[in-house]
Structure formats: C-alpha cells, structure tokens
2 protein chains.
Amino acid sequence: MSTVNRLAEIGTLVGDPTRAAMLEALMDGRALTASELARAAGVTAQTASGHLSQLATAGLLSVEKQGRHRYHRLAGSEVARLLESLMEWTAGAEPKMARAIATGPRNAAMRRARTCYDHLAGQLGVAISDALIARNIVIFSDEGGLLSPDGSDALREMGLRLPATKLKGTRPLCRPCLDWSERRPHIAGVLGATIASHAFDAGWIRRLDGSRAVTVTRTGEAELKRLFGVGAL
Amino acid sequence: MSTVNRLAEIGTLVGDPTRAAMLEALMDGRALTASELARAAGVTAQTASGHLSQLATAGLLSVEKQGRHRYHRLAGSEVARLLESLMEWTAGAEPKMARAIATGPRNAAMRRARTCYDHLAGQLGVAISDALIARNIVIFSDEGGLLSPDGSDALREMGLRLPATKLKGTRPLCRPCLDWSERRPHIAGVLGATIASHAFDAGWIRRLDGSRAVTVTRTGEAELKRLFGVGAL
DNA sequence: CCAATTCTTCGGTCTGGCCCGAAGCATCCC
DNA sequence: GGGATGCTTCGGGCCAGACCGAAGAATTGG
C-alpha cells in the first residue's frame with residue numbers, strides 16, 4: 001500500500017456521513033453499543049455493523065465484548081484529537097458558514113459547555129483555562145502547554161488531585177486544544193481530564209440528555225465562581 | 001450544516017485516491033500547475049480540474065493564476081500538518097503493514113531524506129534534530145518543542161539565521177513533527193524551514209527528480225558532518 | 001430447551017460521484 | 001489573425017459502496 005492510499009484510506013473512513021455521525025457520538029469518550037450507534041447515525045443495525053467493523057479494523061475504534069453487547073469506543077485520545085483537529089479545520093475554512101453555525105439556536109448548549117473527548121470545552125472550558133492561566137498555574141504558548149512548577153500544589157489546594165502515577169504512555173499532562181466554537185485554546189491532556197471528571201463527581205455539571213453538552217448545576221455555579229471566578233455563562 | 005457533516009466533508013475530500021495523490025504531491029510546499037497535478041494523479045485534465053476546484057473551494061488549496069497556468073499549493077502549513085497527522089495515524093494503525101512499507105525499495109530514498117512541507121524529514125531530518133537536541137539548542141518534551149535561550153546564538157554561529165521579524169501569524173518557532181518513517185520527532189516550524197532552505201541554498205541537498213525525496217551532495221555530506229556530526233545515511 | 005435480544009453475514013438494489021470524450025474559453029506566441 | 005497550449009464545462013457511461021430485508025450466530029433469562 002502506497003502512502004497516498006493510506007491518506008485516502010482514513011479519509012474515506014471519516015468521509016462517510018454515517019461513520020462520521022458514529023465517531024462524533026463517541027467523541028465524549030463514552031463506550032456505546034452497536035445498536036445505540038445505529039440509532040445515533042439513523043441506520044439499521046445491519047448497516048451499522050458493517051461500518052463499525054470497518055472502523056475497528058482500521059484501528060479507530062476499540063471494541064469490548066460484554067455479554068451480548070459490544071461496546072465501542074474511540075481507540076484513544078489521539079483519535080479524538082485527530083477528529084477535533086479535522087472539525088477545527090473545516091470550521092476555520094468557511095468563516096461565514098461558521099458564523100451561521102455559531103448563531104444556530106440548536107447548538108447553543110453545546111457552545112456553552114460540552115465535553116471534548118474527556119475534558120471540558122466551550123465557554124466553560126475556555127473560562128476555566130483562562131482562570132488557571134491568570135493564576136500562573138498553567139502556561140500556554142505557541143509551543144504548547146505546561147503546568148507551572150508549583151501548579152500541582154495549587155491545584156491540590158483546590159481539590160484537584162492529578163493522578164500520582166506518571167502514565168507510561170506519552171500522553172501530555174497539559175495540552176492546549178483549540179475550541180472550534182470559541183476559537184481559543186482550552187486545557188486538554190491529563191489535567192483537562194482530571195478537571196472534567198472532578199466536575200462530574202462533585203456534581204458541578206451534568207450531561208444534557210446524554211449528549212456531549214453539559215449543564216452547570218446550582219452548586220456547580222457557586223463552586224466554579226469560588227474556585228475559578230467563573231461567572232454565569 | 002451540522003457538525004457531523006463538517007467532519008464527513010473534509011473526510012470525503014481527502015478520501016478520494018485521486019485527490020489524495022494531488023495533496024501528497026503538494027506536500028513539499030511547491031506550487032504545481034493543474035496539468036502537473038493531473039499527471040501526478042494519473043487522470044485527465046478534465047478530471048483533475050474538477051477535483052482541484054473542490055479542494056480550492058474547501059479552502060485546502062490556494063490558487064494563483066499566472067498567464068495561462070494556474071498554480072496550486074497547499075493553503076498553509078496547517079493543511080500540511082493536518083495531512084501529515086493523518087498519514088502518521090494510519091502508519092501507526094497497522095504495524096505489520098507499516099513495516100512492509102518501510103522495507104519497500106521504492107521508498108528507500110524517501111525514508112533517507114525528504115521534505116515535509118517546508119522542513120526536512122526522514123533519517124536526515126531526525127539526525128539533525130538529534131544533533132541540536134544533544135547540544136541543548138533545541139528542547140523536545142511531551143508538551144512540545146522549544147528553542148533554548150542561547151540557541152539562537154548557537155545557530156547563528158553555524159550560519160543559520162532565523163528570520164528577524166517575528167511572524168505575525170501564530171506559527172511556532174520550533175515544533176516537533178512526528179516522522180512517519182522513523183517514528184520519531186524531527187524539527188518543524190520556522191526553525192525547521194530555516195534549516196531546510198539553508199541546506200538547499202548552500203547546495204547541501206538537492207531534490208530527487210522533482211519529488212519530495214532529496215539527496216545529500218558531496219559538499220553537503222562534509223558540512224553536515226562538520227556542523228551536526230551527521231554521518232553517512 | 002425455548003424465547004427474546006443483540007449483533008453479524010449474505011444477496012440484491014440503487015445511487016452518488018468518478019471518469020473520460022467532446023466542445024468551449026482564455027492566453028500566449030508567431 | 002491563426003494555431004498551439006492550458007484549463008474548464010457539459011453530457012453520459014459506469015462502478016464502488018451504502019443501504020436494507022431476510023436469515024443465521026451468540027448470549028442471556030426463564
């Protein structure tokens with residue numbers, strides 16, 4: 001297989017609207033069953049099955065068999081990252097279009113706050129990032145993102161505990177991820193995931209009808225204000 | 001247009017083998033005419049014309065009219081980056097396949113040294129990166145790449161002059177770019193481009209039959225050995 | 001063991017879009 | 001102007017692949 005075909009291969013995979021819908025449904029990091037994905041993409045189970053096997057053999061999805069269900073999830077954060085960068089690109093390509101989308105009422109909740117694979121994005125994600133940058137806990141530059149030397153301690157005081165075990169993988173601790181709705185970077189990587197999972201566990205945010213969008217709870221509003229100085233969105 | 005369709009849109013674009021071949025031909029940053037691209041992709045001029053207009057209206061390509069020729073080039077380094085990351089991904093997905101490709105004789109020259117948009121990749125690119133890292137001129141980490149504080153001076157002594165004007169765009173000075181053949185990072189960004197163009201200008205390297213592959217000249221071998229300690233590839 | 005559920009495999013249909021031939025502009029050179 | 005070159009538009013042929021119905025495997029619960 002030549003290198004151009006490799007390019008075309010992944011393109012074809014993502015290029016089909018049905019498969020794209022499935023991938024998008026998985027972008028929040030959850031594992032979904034084949035039938036759930038079929039429904040999400042609006043096709044029958046047979047059709048979905050074919051698409052899923054394609055995505056899995058290409059290595060984009062990892063499959064876990066559990067009883068009579070098959071749970072599908074993105075193969076890793078790199079995949080989510082790749083998809084986000086594709087979406088970011090298309091968003092930037094047509095400014096007028098993007099503007100039209102941005103003002104669409106249906107996506108309002110998504111723009112306000114959503115998960116991006118395993119971390120927070122949208123206005124909420126950007127606001128938290130800004131707060132941590134303002135306090136010199138996180139440093140963003142053109143070259144990437146860094147956790148400042150005493151950032152880890154500052155985070156612990158706020159109740160955010162980074163996983164002690166340095167992950168053996170090469171997953172970055174703190175990576176900027178460009179927000180396609182806000183057009184500004186928010187925090188991804190291990191730190192981003194830690195913040196998001198803490199926010200869920202502490203009841204600050206809740207998933208909206210099982211989609212990527214999230215809402216801030218009453219207690220969440222108070223805590224976000226107290227810790228990060230984040231006002232109402 | 002919903003967000004899933006945006007994903008599918010760009011996927012479809014790169015998903016066609018003909019368009020993928022064209023994009024690949026442009027990956028070295030040159031501008032090519034429509035007929036050159038037609039030949040590169042193995043299709044007639046009419047067919048090529050259709051594909052090129054698709055790529056251009058999607059914003060992946062920028063077109064410049066010059067007399068009766070139309071010069072096409074990638075719209076920017078972000079596009080090249082996006083494509084490289086797609087290729088990188090597919091390379092990683094199937095280790096056995098990738099191995100088979102890696103040992104293919106036809107790609108031997110490409111593996112040895114090639115341009116990756118506007119900087120050097122392959123064994124040569126990685127070797128230069130390693131040399132600069134060993135001398136503490138460049139620092140790579142999980143979080144990205146940096147030029148060390150006194151790196152700029154050290155580079156100047158070697159005859160490498162970075163553009164004085166800080167580019168207004170957000171293009172990073174020194175960015176790691178994963179090499180799909182070597183599976184290790186090499187230097188991209190402004191510094192990578194500076195090194196590559198200097199190598200061309202000084203006659204260290206030359207394009208091989210107008211492709212992305214390059215060969216090291218006799219004088220290039222001596223200079224690369226002297227400056228970077230790079231031996232024969 | 002039977003029924004229900006989830007998922008896959010198989011065959012057949014149908015359409016989007018890739019491709020080329022022919023013809024039409026645009027530009028350059030003589 | 002007339003002819004060559006580069007590129008685009010139009011029309012129709014053709015095929016990969018997406019889709020579904022029907023039937024078959026795998027698993028669970030009663």
Side-chain angles (χ1 to χ4, degrees), chain A residues 1-2 4-26 30-58 60-73 90 210, chain B residues 1-2 4-26 30-58 60-73 90 210:
Chain A
M1 197 193 311
S2 86
V4 0
N5 283 337
R6 274 191 282 151
L7 237 193
E9 186 194 347
I10 181 111
T12 306
L13 241 35
V14 186
D16 178 79
T18 301
R19 283 191 291 267
M22 290 173 162
L23 290 171
E24 157 120 33
L26 292 167
R30 284 176 307 171
L32 299 179
T33 66
S35 39
E36 283 171 328
L37 286 166
R39 203 165 336 116
V43 293
T44 61
Q46 313 91 290
T47 304
S49 176
H51 287 303
L52 289 172
S53 81
Q54 284 185 64
L55 292 171
T57 59
L60 287 173
L61 259 45
S62 70
V63 189
E64 199 178 333
K65 201 171 143 183
Q66 206 169 105
R68 47 188 169 185
H69 296 277
R70 301 197 86 137
Y71 285 94
H72 301 258
R73 68 171 69 226
T90 38
Chain B
M1 196 192 313
S2 87
V4 3
N5 283 339
R6 275 192 282 152
L7 237 192
E9 186 195 349
I10 180 112
T12 305
L13 242 34
V14 282
D16 178 80
T18 301
R19 283 190 293 266
M22 290 174 162
L23 291 171
E24 157 120 34
L26 293 168
R30 285 176 307 172
L32 299 179
T33 66
S35 40
E36 283 171 329
L37 286 167
R39 204 167 333 117
V43 293
T44 61
Q46 314 90 290
T47 305
S49 177
H51 287 304
L52 289 172
S53 81
Q54 285 187 61
L55 292 171
T57 58
L60 287 172
L61 259 44
S62 70
V63 189
E64 198 177 334
K65 199 170 148 184
Q66 207 168 103
R68 47 185 169 184
H69 295 276
R70 299 196 88 139
Y71 285 95
H72 300 258
R73 67 172 68 227
T90 38

Step by step, work out the side chain to side chain contact (heavy atoms under 4.5 Å, CB included) result for B:R73 and B:Y71.
CA-CA 7 Å; B:R73 67 172 68 227; B:Y71 285 95; over 6 Å; no
Let me know, please, whether A:D16 or A:K65 comes out on the 5' side of the other along DNA chain D by nearest nucleotide.
A:D16
Letter by letter from the 5' end, nucleotides 5-10 of chain D scores (B base, S sugar-phosphate only, - none; protein heavy atoms under 4.0 Å) BSSBB-
List in chain and number order the residues that pass side chain to side chain contact (heavy atoms under 4.5 Å, CB included) with A:A48, two or more places apart in sequence or in another chain; answer none if no residue qualifies.
A:M22, A:A38, A:V43
Sequence-distant partners of A:E24, salt bridge (charged side-chain N to carboxylate O under 4.0 Å, His left out), two or more places apart
A:R212
side-chain hydrogen bond (donor to acceptor under 3.5 Å, both in side chains) partners for A:H51, two or more places apart
A:R19
Test side chain to side chain contact (heavy atoms under 4.5 Å, CB included) on A:L37 and A:L26; report intermediate values, then the result.
CA-CA 9 Å; A:L37 286 166; A:L26 292 167; 4.0 Å; yes
For the atom pair CZ (A:R70) and CG (A:L61), what is the distance rounded to the nearest 0.5 Å?
12.0 Å
My understanding is that only residues two or more places apart in sequence, or in another chain, count here; which of them pass side chain to side chain contact (heavy atoms under 4.5 Å, CB included) with B:S35?
B:T33
Heavy atoms of chain B, cut-off under 4.0 Å: which first and last nucleotide of DNA chain C, 5' to 3', fall inside that, if you could look?
C:dC18 to C:dC28
Got a sec, which residues hit side chain to side chain contact (heavy atoms under 4.5 Å, CB included) with B:A34, two or more places apart in sequence or on another chain?
B:L52, B:H72
Where do A:L60 and A:I10 land on the side chain to side chain contact (heavy atoms under 4.5 Å, CB included) test, with the steps shown first?
CA-CA 9 Å; A:L60 287 173; A:I10 181 111; 4.1 Å; yes
By side chain to side chain contact (heavy atoms under 4.5 Å, CB included) - contacts of B:S53 (at least two apart):
none
The helix from C:dC1-D:dG30 to C:dC30-D:dG1: angle between end helix axes, five pairs per end, rounded to 10 degrees:
20°
